[in-house]
Amino acid sequence: MRVFSTIVSSSTRIRRDLFSFLSLFHSQAKSIPTRIPMGSGEQSLRQSLSEKLSAVEAQGNAVRALKASGAGKPEIEAAVVLLNKLKIEKAAVEKQLQASVSGDGGSADGVLSREAFRQAGVNTLERRLFFIPSFKIYRGVAGLYDYGPPGCAVKSNVLQFWRQHFVLEENMLEVDCPCVTPEVVLKASGHVDKFTDLMVKDEKTGTCYRADHLLKDYCNEKLQKDLTISAEKAAELKHVLALLDDLSPEELGAKIKEYGITAPDTKNPLSDPYPFNLMFQTSIGPSGLIPGYMRPETAQGIFVNFKDLYYYNGNKLPFAAAQIGQAFRNEISPRQGLLRVREFTLAEIEHFVDPENKSHPKFSDIANLEFLMFPREEQMSGQSAKKLCIGEAVAKGIVNNETLGYFIGRVYLFLTRLGIDPERLRFRQHLANEMAHYAADCWDAEIECSYGWIECVGIADRSAYDLRAHSDKSGVPLVAQEKFSEPREVEKLVIAPVKKELGLAFKGTQKNVVEALEAMNEKEAMEMKAALESKGEVEFYVCTLGKNVTVKKNMLSISKEKKKEHQRVFTPSVIEPSFGIGRIIYCLYEHCFFMRPSKAGDEQLNLFRFPPLVAPIKCTVFPLVQNQQYEEVTKVISKELTSAGISHKIDITGTSIGKRYARTDELGVPFAITVDSATSVTIRERDSKDQVRVSLEEAASVVSSVVEGRKTWKDVWASFPHHSSGCSDE
Ligand code: AMP
């Protein structure tokens with residue numbers, strides 16, 4: 001949950017946090033991160049290219065000079081040979097630099113460029129109705145998408161697994177709160193005032209753009225397409241990219257002007273940047289008098305229910321509440337397809353914990369996991385993410401506490417079990433300037449796809465900020481108690497105003513003076529006590545009056561008293577993993593998307609290698625040829641699959657079996673049962689295309705045993721007569 005929004009960038013996920021942003025803006029000692037260094041390879045290539053360009057230019061001049069001076073043919077020819085050699089060298093460096101800055105070498109199949117790979121995947125997803133642009137027949141609306149039948153099935157599988165992996169395994173308390181939220185709630189959380197992005201307008205047409213996106217695009221384009229810029233200029237642009245998140249509206253506007261950035265579509269001048277609130281506003285009820293918003297996250301529903309949930313949990317900490325639901329953000333100019341949308345599903349956990357004890361009883365379960373982590377230090381010194389053991393990261397203090405570390409480990413397991421490639425998943429720590437001032441530590445699970453590294457899950461230790469904000473606004477204490485087994489003796493500061501004397505001295509402003517006196521901390525109170533004892537009176541600043549008043553010795557008593565306490569009352573800290581379900585699903589699509597040649601080798605066939613857990617349909621059943629006997633057998637198998645709870649599809653079309661396999665591969669169906677006799681059938685596994693032969697009676701149970709993870713395909717292969725794809729009938 002955030003009081004700010006995120007920008008997805010191809011290199012880093014950049015976050016606009018207005019709380020931290022404002023505190024930085026007002027702070028004199030604004031902390032500018034050190035320049036993010038360029039990869040040394042890229043830097044030396046840029047250097048080398050600029051040397052080659054100068055050499056080519058110099059040699060070109062030399063050739064011209066020779067010709068002009070009427071030099072001999074052999075001399076001119078030798079100079080031209082050298083010029084051509086230099087041009088070839090320049091072209092080679094240019095090519096290397098291009099590959100280095102575009103990152104195209106890293107596409108999933110190693111052959112296609114990122115864009116071509118994405119296009120092939122997205123075309124398949126759209127053609128097979130995994131998703132549909134919403135309201136398509138009316139030309140759609142940017143940032144709104146429908147999930148079609150296989151998309152719905154994948155989403156439902158992901159959410160079912162989320163419930164099992166988190167809610168069930170961790171005994172979380174699930175809630176389901178409304179999307180329509182009264183203004184007071186989002187005022188307390190800070191969203192009404194601060195959930196904004198900076199926007200600029202085309203001064204002539206009024207078209208709106210996100211200011212930081214335009215600056216980011218300019219820098220990235222220059223870096224990737226203009227190979228002639230100097231290494232210094234490249235470093236400056238990278239520095240701007242790294243600082244993007246920290247720029248004030250004025251600084252952002254100044255950079256846009258300095259670089260001459262104009263409206264992308266018209267090249268018209270742009271307005272100065274100004275904040276735009278991302279929430280969709282509405283009013284509740286017919287009078288229009290109760291302002292409300294569509295929630296931008298689900299977390300607030302949990303915070304406002306804290307008191308009841310704590311009671312439901314037997315007044316015990318720690319405990320976690322969870323919620324899955326729609327969130328709405330009126331993104332200024334949504335891009336990147338399914339990754340940045342205006343309505344999306346969030347799955348959020350709020351784990352409430354004693355701020356004085358953030359250990360986790362199950363930490364040892366995940367302590368040995370090792371995965372890519374990108375701590376702050378590595379980012380600042382220009383290194384890349386590296387494999388770290390989460391137990392070690394917590395022990396060394398790289399991750400702030402065990403509970404945060406535990407959730408990082410659990411998120412890693414969740415994502416990789418869904419089918420996310422562990423080599424394209426990293427946990428990136430927020431830089432100090434990215435974090436809200438109240439946050440103790442934040443890590444994002446970022447998944448690499450054709451758009452770059454995308455923040456898909458945010459895992460933050462938000463301290464007591466949210467509960468305190470709602471306690472203050474609602475007047476309802478959202479606190480927990482720790483009962484002591486033995487009463488504890490504590491020394492308490494007691495400030496006792498003598499109201500009669502204060503009333504006489506301050507009359508109508510007595511209340512302000514009393515409140516200010518009672519709000520003194522221990523140090524201030526003890527200093528006042530000492531001053532009153534030595535001088536009899538003291539000057540005291542009352543901020544609500546905006547002036548000093550004279551406080552005399554007879555107006556209050558200040559003492560320290562010993563008291564017995566039976567319990568400690570405190571506001572719990574909250575550790576919040578927040579999952580963008582649509583982003584996870586999109587990245588999963590890309591990680592599972594492959595192309596392989598058809599048997600004849602004349603075309604490329606698409607397939608999604610979904611693990612059975614997320615596959616939209618687990619099995620297809622094909623009668624090899626259309627006849628009544630095979631169709632009867634198909635019906636029997638279908639009935640058994642249904643009673644085993646295995647989603648399946650029957651394909652009785654007369655097309656060739658190879659074509660039918662290709663069709664189900666495109667939907668990512670992991671198993672296909674082909675009915676080619678009345679007593680036995682073949683089961684084909686999608687990725688290897690290998691087949692086993694099983695009896696009719698066993699078919700459904702074999703498929704369900706692999707789908708449910710009780711057996712592997714290898715076990716099945718070893719237990720039944722089989723043939724590998726080399727001799728299949730495809
Ligand atoms: P935030 O509250 O901004 O940290 O967002 C929580 C999660 O929601 C992020 O980690 C993203 O996965 C997801 N998310 C945020 N904004 C969008 C958006 N416009 N479209 C889709 N997913 C989003």
Side-chain angles (χ1 to χ4, degrees), residues 1-9 12-21 131 134 141-145 147 155 158 162 186 189-191 194-197 210 212-213 245 276-280 294-303 322-350 407-408 411 414-415 418 420 425-428 430 434-436 439 442-449 451-462 465-466 574-589:
M1 141 8 241
R2 292 292 167 279
V3 187
F4 42 75
S5 69
T6 40
I7 309 158
V8 178
S9 101
T12 50
R13 213 283 290 100
I14 301 163
R15 174 169 294 231
R16 175 165 303 284
D17 174 347
L18 273 156
F19 286 148
S20 61
F21 163 75
F131 77 90
S134 300
V141 179
L144 295 177
Y145 291 95
Y147 284 81
K155 182 175 171 186
V158 168
W162 191 87
L186 296 160
S189 64
H191 287 85
K194 294 164 184 163
F195 193 63
T196 55
D197 275 337
R210 240 176 93 162
D212 56 348
H213 277 179
D245 194 32
F276 169 76
N277 194 300
L278 298 181
M279 287 195 294
F280 286 95
M294 302 305 287
R295 64 180 176 194
E297 57 178 29
T298 66
Q300 301 308 323
I302 297 180
F303 296 133
Q323 176 162 209
I324 297 174
Q326 294 303 89
F328 304 81
R329 298 184 187 183
N330 199 3
E331 298 285 348
I332 293 171
S333 47
R335 319 184 289 181
Q336 301 180 310
L338 296 173
L339 292 177
R340 182 164 293 280
V341 289
R342 288 176 162 145
E343 177 178 345
F344 53 97
T345 304
L346 271 179
E348 295 193 290
I349 296 167
E350 309 299 329
F407 278 109
I408 292 177
V411 169
F414 172 72
L415 293 173
L418 281 182
I420 293 295
L425 166 63
R426 71 180 185 193
F427 289 83
R428 192 185 69 82
H430 282 203
E434 270 180 278
M435 270 200 318
C442 296
W443 292 76
D444 286 338
E446 295 184 336
I447 305 178
E448 195 187 22
C449 71
Y451 291 102
W453 288 97
I454 304 299
E455 177 212 337
C456 290
V457 187
I459 311 154
D461 181 336
R462 299 179 52 80
Y465 177 81
D466 308 281
V574 64
I575 292 175
E576 179 198 74
S578 172
F579 299 71
I581 296 299
R583 286 197 183 167
I584 296 173
I585 291 177
Y586 179 75
C587 292
L588 188 63
Y589 288 153

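The figures that follow rest on heavy atoms only: side chains count, while hydrogens, waters and symmetry mates do not. Indexing begins at 1, ligand by ligand and atom by atom, following the structure's order.
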Side chain to side chain contact (heavy atoms under 4.5 Å, CB included) evaluation trace for Thr345 with Gln326: CA-CA 4 Å; Thr345 304; Gln326 294 303 89; 2.5 Å; yes
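- Ligand-side atoms of ligand 1 in range of Gly580: 8 (O), 12 (O), 13 (C), range being under 4.0 angstrom from any heavy atom.
- Within the listing of ligand 1, atoms 1 (P), 2 (O), 3 (O), 5 (O), 15 (C), 16 (N) sit less than 4.0 angstrom from a heavy atom of Arg329.
- Looking at Arg583 against ligand 1, only its side chain comes within 4.0 Å, counting heavy atoms.
- In this structure, Glu331 pairs ionically with Arg210, as a charged nitrogen and a carboxylate oxygen lie closer than 4.0 Å.
- The only member of Leu588, Val457, Leu425 that meets side-chain contact (heavy atoms from CB on, under 4.5 Å) when paired with Ile447 is Leu425.
- When heavy-atom distances to ligand 1 are checked against a 4.0 Å cut-off, Glu331 comes that close only through its side chain, counted from C-beta outward.
- Scanning Phe195, Phe344, Phe328 for the heavy atom closest to atom 18 (C) of ligand 1 points to Phe344.
- Near Leu346, with a cut-off below 4.0 Å to any heavy atom, the atoms of ligand 1 are 6 (C), 7 (C), 8 (O).
- No heavy atom of Leu338 sits closer than 4.0 Å to any atom of ligand 1.
- Classified by interplanar angle (parallel below 30°, tilted 30° to 60°, perpendicular above 60°), the ring pair Trp162/Phe579 is perpendicular.
- Applying the 4.0 Å criterion to heavy atoms of Cys456 picks out, from ligand 1, the atoms 10 (O), 12 (O).
- Between the side chain of Arg342 and the main chain of Ala142, a donor-acceptor pair closer than 3.5 Å is present.
- Assignment of Gly582 to the shell around ligand 1 is not supported, since no heavy atom sits closer than 4.0 Å.
- Atom CZ of Arg329 sits about 8.5 Å away from atom CZ of Arg340, to the nearest 0.5 Å.
- Note: Phe195 and His191 have tilted aromatic rings, judged against thresholds of 30 and 60 degrees for the angle between ring planes.
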